[in-house]
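Before any comments, here is the structure.
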Amino acid sequence: MKLIEPTNFIEEEINKDLASGKAKEVITRFPPEPSGYWHIGHCKAITIDFETAKKYGGYTYLRMDDTNPAKEDGDFANSYLADLAWLGYKPKKLIYASEAYFDGMYEIAEQLIKNGDAYVDEQSAEEISATRGTLTTPGKESPYRNRPWQESLQIFRDMKAGKYADGSVVLRAKIDMAHPNINMRDPIIYRVLHAHHYRTGDKWCIYPMYDYAHPLEDAMEGVTFSLCDMSFEDHRPLYNWVLEKGWKKPYPPRQIEFAKLNLENVLLGKRHLKQLVNDKKVMGWDDPRFLTIVGMKRRGYTAQGIKDFIKSAGVTKADSVIPLSALDYHIRNDLNQIATRAMVVLDPLKVLITNYEGEEEVLIDNNPNDETAGQHKALFSKEIYIEKEDFSLNPPPKYNRLVVGGIVRLKGAYIIKCNKVVYGKNGEIDHLECEYVPNTKSGNDTSGIKCKGTIHFVSANNCFEITIRNFKNLIKDEYIDPIKAMSEGVTLDEMLTPNSMTESKALAENFLKKAKIEDKFQFMRKGYYCVDKDSTKDNMIFNYTISLKDGFKMPKPTK
RNA sequence: AGGGGUGUAGCCAAGCGGUAAGGCACAAGACUUUGACUCUUGCAUGCGUAGGUUCAAAUCCUGCCACCCCUGCCA
């Protein structure tokens with residue numbers, strides 16, 4: 001296997017192992033426990049696992065790390081397959097650790113007992129906890145620690161046969177109760193659990209612990225590099241101990257840790273998201289305000305944008321917190337290349353073109369940055385709607401939209417001049433009276449008139465009402481680190497932005513009637529939106545994905 | 001003297017003894033029939049800190065400081 005030009009420390013380590021012959025190929029795994037929905041943090045791990053292996057011509061397994069029947073559920077496992085496919089990754093194989101490796105792990109456990117490397121402890125959970133010692137003091141050895149291995153083996157077999165109650169006995173690795181690393185103080189490697197497993201049913205009533213299971217799963221699978229987050233760094237000595245005592249074969253897997261992804265003003269914890277779902281603060285796990293995969297997908301984020309963001313963040317061991325603006329950048333960047341342009345007036349103001357009768361087609365580029373995207377037809381007619389904020393009675397400096405007596409270009413159509421503001425009974429502006437300049441049609445402008453502003457519009461004869469779902473960040477700006485805030489006593493409720501989801505109506509070009517769920521559009525000059533799954537034939541709902549960058553700083557109103 | 005990690009700009013991050021890449025954000029300007037996109041320019045005499053080694057140190061050595069993780073029969 002050839003070496004590559006490393007782009008991060010993990011690849012440097014892999015290169016070293018490949019060069020020295022410690023490893024022969026790069027096979028990785030992504031090992032979720034099927035007990036919750038994936039979020040953007042998982043995307044980082046997934047991306048690293050899959051991209052790293054791919055770069056070396058290796059491959060990646062998707063392995064359900066389902067060693068705890070009390071927490072796991074097959075629905076989650078199925079959701080992962082869909083999420084992974086959406087992200088654009090295809091695992092070499094889907095493996096359920098429970099089905100594939102439980103037998104092998106059990107055999108190895110018996111071997112460990114026979115070798116004197118593991119023993120059955122009959123102390124209570126409280127006793128085990130109390131004798132583990134503390135961060136600064138060593139633990140005490142269990143009275144069962146040096147019992148004959150034959151005794152341990154017999155009990156272990158009886159545990160497996162169902163003769164012991166939950167919590168009454170455990171199998172422990174015999175390492176060192178005085179070890180400065182607490183993980184090495186005779187860790188429990190098997191516990192009794194009479195629970196129904198979503199894959200293996202009632203076949204087992206003893207289940208291996210993570211620290212014992214993970215290295216053996218990796219080894220049996222043929223994984224060569226087991227990449228995980230920094231919180232497992234302290235577990236690496238145990239990972240290696242299990243391999244050394246239980247696996248004993250050449251080319252064991254190597255665990256390498258990297259720092260996980262943290263974002264400002266974002267809550268990702270399963271517990272907290274679940275609370276928000278249960279309390280009906282959001283629409284569900286796929287709420288567009290969540291950075292779960294299903295949430296981001298519904299919001300209109302693209303897999304490409306998410307992956308670009310993750311790659312841009314890099315792979316290191318240092319703690320970091322990335323502002324949301326970095327994610328926004330990559331989402332916009334990708335959407336800019338793929339989203340179809342459309343004209344939608346979010347807050348309509350009626351305009352009558354006094355010197356125009358009838359109607360005519362105008363052509364709008366589907367994507368000015370992509371010639372192959374084609375064009376679609378919009379309409380110009382006597383009665384149109386423009387955005388309220390595109391007209392001003394007392395314009396701020398550098399305002400180049402419509403003012404009384406001023407001109408503006410209607411995107412794809414004519415230049416118009418505003419002659420009169422017509423007020424309604426309540427004193428509000430009812431509509432504008434404008435005239436169009438005949439020889440200024442887009443693509444055919446012979447007038448020579450220079451017009452600074454271009455605004456979007458819809459024709460009354462070519463629009464329909466849609467529903468817009470607007471989103472604000474779920475967490476208030478001041479809570480950059482929500483978990484920390486909670487630890488300081490702030491409640492989840494206090495951190496929530498009030499009315500972070502609102503609905504409004506807008507007028508869209510008829511062209512948008514054909515749009516299907518998840519289709520992505522740029523509402524010109526406003527932002528990116530996508531069709532929500534709640535849409536019906538009579539009520540199309542568009543989710544606000546993200547705004548366009550706005551270089552014009554609208555000054556505060558003058559009065 | 002518990003153990004394990006990490007400190008480079010507002011935020012990420014290259015750098016691996018030869019004189020601080022790049023991106024985000026921000027600012028100014030050009031272009032523009034989207035105030036988008038694109039383009040140009042600016043943005044660390046400084047690499048947690050104090051010493052030391054060297055012709056030369058973000059890189060090597062020593063001390064100190066700060067922050068993160070670890071006492072589940074969770075993963």
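Order of the sequence lines fixes the chain letters, A, B, ..., with proteins taken first and strands second; residue numbering starts at 1 for each chain. Note: hydrogens, waters and symmetry copies are ignored here, and every other heavy atom, side chains too, is used.
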Paired with A1(B): which nucleotide, if any, by Watson-Crick or G-U wobble criteria at under 3.5 Å for both distances? none

Lys16(A) NZ to C16(B) P: how many Å, rounded? 14 Å

If the C1' atom of C60(B) is compared with that of C73(B), how far apart are they to the nearest Å? 47 Å

Base, sugar-phosphate, or nothing: which does Lys441(A) touch, judged by heavy atoms less than 4.0 Å apart? base

Suppose you measure atom C1' in C68(B) against the same atom in A56(B); what distance do you get, rounded to whole Å? 35 Å

Select one nucleotide: of A75(B), G4(B), G2(B), the one nearest the side-chain heavy atoms of Asp65(A). A75(B)

Is the phosphate of C74(B) approached by Arg191(A) (side-chain N or O, under 4.0 Å from OP1 or OP2)? yes

Under 4.0 Å, counting only non-hydrogen atoms across every strand here, what does Ile188(A) touch: a base, just sugar-phosphate, or nothing? base

Would you indicate what Glu12(A) reaches in the nucleic acid, counting non-hydrogen atoms under 4.0 angstrom: base, sugar-phosphate, or nothing? base

Strand partner of U8(B), provided both Watson-Crick or wobble distances fall under 3.5 Å: G15(B)

Using Watson-Crick or G-U wobble geometry with both distances under 3.5 Å, which nucleotide pairs with A21(B)? none

Should C31(B) form a Watson-Crick or G-U wobble pair with both distances under 3.5 Å, which nucleotide is its partner? none

Syn or anti for G63(B) (syn when the glycosidic angle lies within 90° of 0): anti

Quick one: do the Tyr101(A) and Glu221(A) side chains pair a donor with an acceptor below 3.5 Å? yes

With a 4.0 Å cut-off on heavy atoms, is Gly453(A) in touch with a base, just the backbone sugar-phosphate, or nothing at all? nothing

With respect to the phosphate group of U32(B), does any side-chain polar atom (N or O) of Arg525(A) fall under 4.0 Å of OP1 or OP2? no

Please tell me which of Lys398(A) and Lys71(A) maps to the more 5' nucleotide of RNA chain B, matching each residue to the nucleotide holding its nearest heavy atom. Lys398(A)

So what's C64(B) paired with, Watson-Crick or G-U wobble, going by both distances under 3.5 Å? G48(B)

Reckon Ser325(A) has a side-chain N or O less than 4.0 Å from the OP1 or OP2 of A25(B)? no

Can we call the ring centroids of Phe156(A) and Tyr190(A) under 6.0 Å apart? yes

Thr134(A) side-chain proximity, nearest of G2(B), U34(B), U71(B): U71(B)

Please work out if Pro31(A) contacts a base, only the sugar-phosphate, or nothing of the nucleic acid, heavy-atom cut-off 4.0 Å. nothing

Could you measure between the two P atoms, the one in A27(B) and the one in C16(B), and give it in whole Å? 34 Å

Lys44(A) side chain to Ala259(A) backbone, donor-acceptor under 3.5 Å: yes

Touch class at under 4.0 angstrom, heavy-atom based, for Ser35(A) against every strand present: nothing

Check the distance between C12(B)'s P and Phe9(A)'s CZ and give it to me in whole angstrom. 16 Å

Quick check on the 6.0 Å ring-centre criterion: do Tyr544(A) and Tyr529(A) meet it? yes

Ignoring backbone atoms, establish whether Arg132(A) has a side-chain N or O less than 4.0 Å from OP1 or OP2 of C73(B). yes

Compute the ring centroids of Phe76(A) and Tyr37(A), then answer whether they are less than 6.0 Å apart. yes

Under 4.0 Å from OP1 or OP2 of A75(B): is there any side-chain N or O of Thr67(A) that close? yes

For a quick test of reading the model: is some side-chain N or O of Arg341(A) closer than 4.0 Å to OP1 or OP2 of U34(B)? no

Who pairs with C37(B) - Watson-Crick or G-U, where each distance is under 3.5 Å: none

What contact category does Ala326(A) fall into here, base, sugar-phosphate, or nothing, at under 4.0 angstrom with non-hydrogen atoms? sugar-phosphate

Nearest whole Å is fine: how far is A75(B) P from Asn68(A) CG? 5 Å

If you look at every strand shown and take non-hydrogen atoms under 4.0 Å, does Asn400(A) touch a base, only sugar-phosphate, or nothing? base

Establish, for the pair Lys411(A) and Phe457(A), whether the NZ or CZ atom is under 6.0 angstrom from the six-membered ring centre and no further than 45 degrees off its axis. no

Per Met230(A) side chain, nearest of listed nucleotides G5(B), U71(B), C12(B): G5(B)

Shortest side-chain distance from Ile182(A), nucleotide among C37(B), U71(B), C74(B): U71(B)

Could you tell me if Lys520(A) and Thr302(A) have a donor-acceptor pair between their side chains, going purely by distance under 3.5 Å? no

Is Tyr210(A) stacked on the base of A75(B), with ring centres under 5.5 Å apart and planes under 30° apart? no

Using a heavy-atom cut-off of under 4.0 Å over every strand shown, decide if Gly443(A) touches base, sugar-phosphate, or nothing. base

Which of C73(B), C37(B), G3(B) is nearest the side chain of Asn369(A)? It is C37(B)

Among C68(B), A75(B), U34(B), which nucleotide has an atom closest to any side-chain atom of Phe232(A)? A75(B)

Going by distance alone, is a donor N or O of one side chain under 3.5 Å from an acceptor N or O of the other, for Glu217(A) and Tyr212(A)? no

In whole Å, measure the gap between the C1' atoms of C67(B) and G72(B) for me. 26 Å

Select base, sugar-phosphate, or nothing to describe what Val192(A) touches, counting heavy atoms under 4.0 Å on all strands. nothing

Ring centre gap for His214(A) and Tyr210(A) strictly below 6.0 Å: yes

Which nucleotide sits closest to the side chain of Thr136(A): G35(B), G2(B), U34(B)? G2(B)

Rounded to the Å, how far apart are Asp370(A) CG and A36(B) C1'? 16 Å

Starting the side chain at C-beta, find the nucleotide from G2(B), G4(B), C12(B) nearest to Ala313(A). C12(B)

Which nucleotide sits closest to the side chain of Lys317(A): C12(B), U6(B), A75(B)? U6(B)

From C70(B), U34(B), C24(B), pick the nucleotide closest to the side chain of Tyr329(A)? C24(B)

May I ask you to say what His235(A) touches in the nucleic acid, namely base, sugar-phosphate or nothing, with a heavy-atom cut-off under 4.0 Å? base

